[in-house]
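Not measured: the values here are computed from a predicted model. Residue indices begin at 1 and follow the sequence shown.
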Amino acid sequence: MESKNGNTGAQFVSRKKERTVIVGSAVLIIAALTVAGLYVSSLSQQEDIILQDLTGIEETTESEFNSVLEEELEEVEDADSSTVENPGRTGSGTSSTLNSSGSISSARISSTVNTTDTLTAESVTEEDLLNEETMTDELFAETVEEMMYSFTGESMIWPIAEEYEILIPYSMDSAVYFTTLDQYKYSPAMVISAEVGTPVYAVSAGKVTSRYWNEETGWTYEMDLGGGFAAYYGQLDYNTMEKEVDTYVAAGDLLGYVTEPAKYYTLEGPNLYFEMTKDGTPVYPMDYLEQD
């Protein structure tokens, strides 16, 4: 009888321990799940905060961009309503209006062009102008033209730097003698003595408008100097004439080298044919060339 009661008591204790273990395990599992749930919830809240922050940043950036955009457009409208004087065109009252064409940078371009009023072709190069990243090809060409066309009828540099002699002078009032032709006729240009290979320089800033062959002047450059003035350089070696048509040049730029004269000047010898016109009419170059 005592043995049976003892076994019953032992079984009761064993079952109680099992229940305790089961309950303890359940508590631990529940606690673990609770902690995991809290962790997941915390991550979710952090993600929401991050998304809110990013949304706020995006909204702020967009707002700031719109604000800057409005300010730039206002500056463009102000620039579009004003004109920029052409520094190189005198006596014509010519001016050009900058077109914003929707470009935010046009206001800065207007400011850049305004600073060139006192610049000359000698101090401004195409490389300097190309450094303005905002310039379009069309605006670049217009700005270069305004700067380069600076001739006002004042002193020009001589087209050759070596010693020279005027073989045939400019003369539109009376006929002068042409040795090779053995006749007297008017001379719209100066025929300047120069050895073969003598370098020829641009007398003033301008634009190459033509490069052609003429039986009297040989290979010749025609340059638009601006203000209605044009210059012609003849008797040049074609192989050294590297300036293409529509190329802008500055005063002193090398144009090429003197070659053997055309048949009209064989007896005069190698020379540079130099002519100037104003509105298509020949003018006396010595009135504009620097004097020694």
J.: Does any N or O in the side chain of Thr180 come within less than 3.5 Å of the main-chain N or O of Thr266, such that one atom is a donor and the other an acceptor?
T.: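 Judged by distance alone, yes, a pair lies under 3.5 Å.
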J.: Roughly how far, to the nearest 0.5 Å, is CG of Asn271 from OG1 of Thr259?
T.: 10.5 Å
J.: If hydrophobic residues (ILVMFWY) are linked whenever their side-chain heavy atoms come closer than 4.5 Å, directly or via other members, who joins Tyr212 in its cluster?
T.: Tyr232
J.: Apply side chain to side chain contact (heavy atoms under 4.5 Å, CB included) to residues Glu260 and Val196 and explain how you reach the verdict.
T.: CA-CA 6 Å; Glu260 296 291 345; Val196 172; 3.6 Å; yes
J.: Roughly how far, to the nearest 0.5 Å, is CE of Met276 from CE of Met286?
T.: 12.0 Å
J.: Could you measure the distance from the OG1 atom of Thr247 to the NZ atom of Lys207? Nearest 0.5 Å is fine.
T.: 9.5 Å
J.: Determine whether Pro159 and Leu272 make a side-chain contact, defined as any pair of heavy atoms from C-beta on separated by less than 4.5 Å.
T.: yes
J.: Is the shortest heavy-atom distance from the side chain of Val258 to the side chain of Val200 under 4.5 Å?
T.: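 Val258 vs Val200: side chains touch.
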J.: Give a yes or no answer on whether the side chain of Thr240 reaches the backbone of Gly256 with a donor-acceptor pair at less than 3.5 Å.
T.: no
J.: Compare all side-chain heavy atoms of Ile192 with those of Glu165 and state whether any distance is below 4.5 angstrom.
T.: no
J.: Take Trp213 and Tyr238, measure what side chain to side chain contact (heavy atoms under 4.5 Å, CB included) needs, and give me the verdict at the end.
T.: CA-CA 9 Å; Trp213 166 262; Tyr238 175 77; over 6 Å; no
J.: Do any N or O atoms from the side chain of Ser187 and from the backbone of Pro169 form a donor-acceptor pair under 3.5 angstrom?
T.: yes
J.: Aromatic contact between Tyr233 and Tyr221, with the criterion being ring centroids under 6.0 Å apart: yes or no?
T.: no
J.: Will you find, in the side chains of Tyr177 and Asp182, an N or O donor that is under 3.5 Å from an N or O acceptor?
T.: yes
J.: Assess the residue pair Met241 and Arg211 against the criterion (side chain to side chain contact (heavy atoms under 4.5 Å, CB included)); give the C-alpha distance rounded to whole Å, side-chain angles, the decisive distance to 0.1 Å, and a yes or no.
T.: CA-CA 9 Å; Met241 299 172 68; Arg211 183 176 61 175; 3.4 Å; yes
J.: Below 4.5 Å, heavy atoms only, C-beta onward: do Pro261 and Glu268 meet side chain to side chain?
T.: no
J.: Would Phe274 and Tyr170 count as a close aromatic pair, with their ring centres under 6.0 Å?
T.: no
J.: Does the ring center of Trp158 lie less than 6.0 Å from the ring center of Tyr164?
T.: yes
J.: Charged N to carboxylate O below 4.0 Å: is that the case for Glu216 and Lys263?
T.: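 Between Lys263 and Glu216 there is no salt bridge, as every charged N stays at least 4.0 Å from the carboxylate O atoms.
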J.: Working to the nearest 0.5 angstrom, can you tell me the gap between Glu242 CD and Asp253 CG?
T.: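 Going from CD on Glu242 over to CG on Asp253, the span is 11.5 Å.
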J.: Mind checking who shares a hydrophobic cluster with Tyr257, ILVMFWY linked at side-chain heavy-atom distances under 4.5 Å?
T.: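 Same cluster as Tyr257: Tyr201, Leu254.
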J.: In the structure I gave you, are the side-chain heavy atoms of Tyr288 and Val203 within less than 4.5 Å of one another anywhere?
T.: no
J.: Rounded to the nearest 0.5 Å, how far apart are CG of Leu255 and CE of Met223?
T.: 4.5 Å
J.: Just verifying a value: how many Å separate Ser171 OG and Met190 CE, rounded to the nearest 0.5 Å?
T.: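 Atom-to-atom, Ser171:OG and Met190:CE are 13.0 Å apart.
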J.: Residues sharing Leu167's hydrophobic cluster, by side-chain heavy-atom contacts under 4.5 Å among ILVMFWY, directly or via others?
T.: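 Hydrophobic cluster check, Leu167: joined to Ile168, Val176, Phe178, Leu181, Val191, Tyr264, Tyr265, Tyr273.
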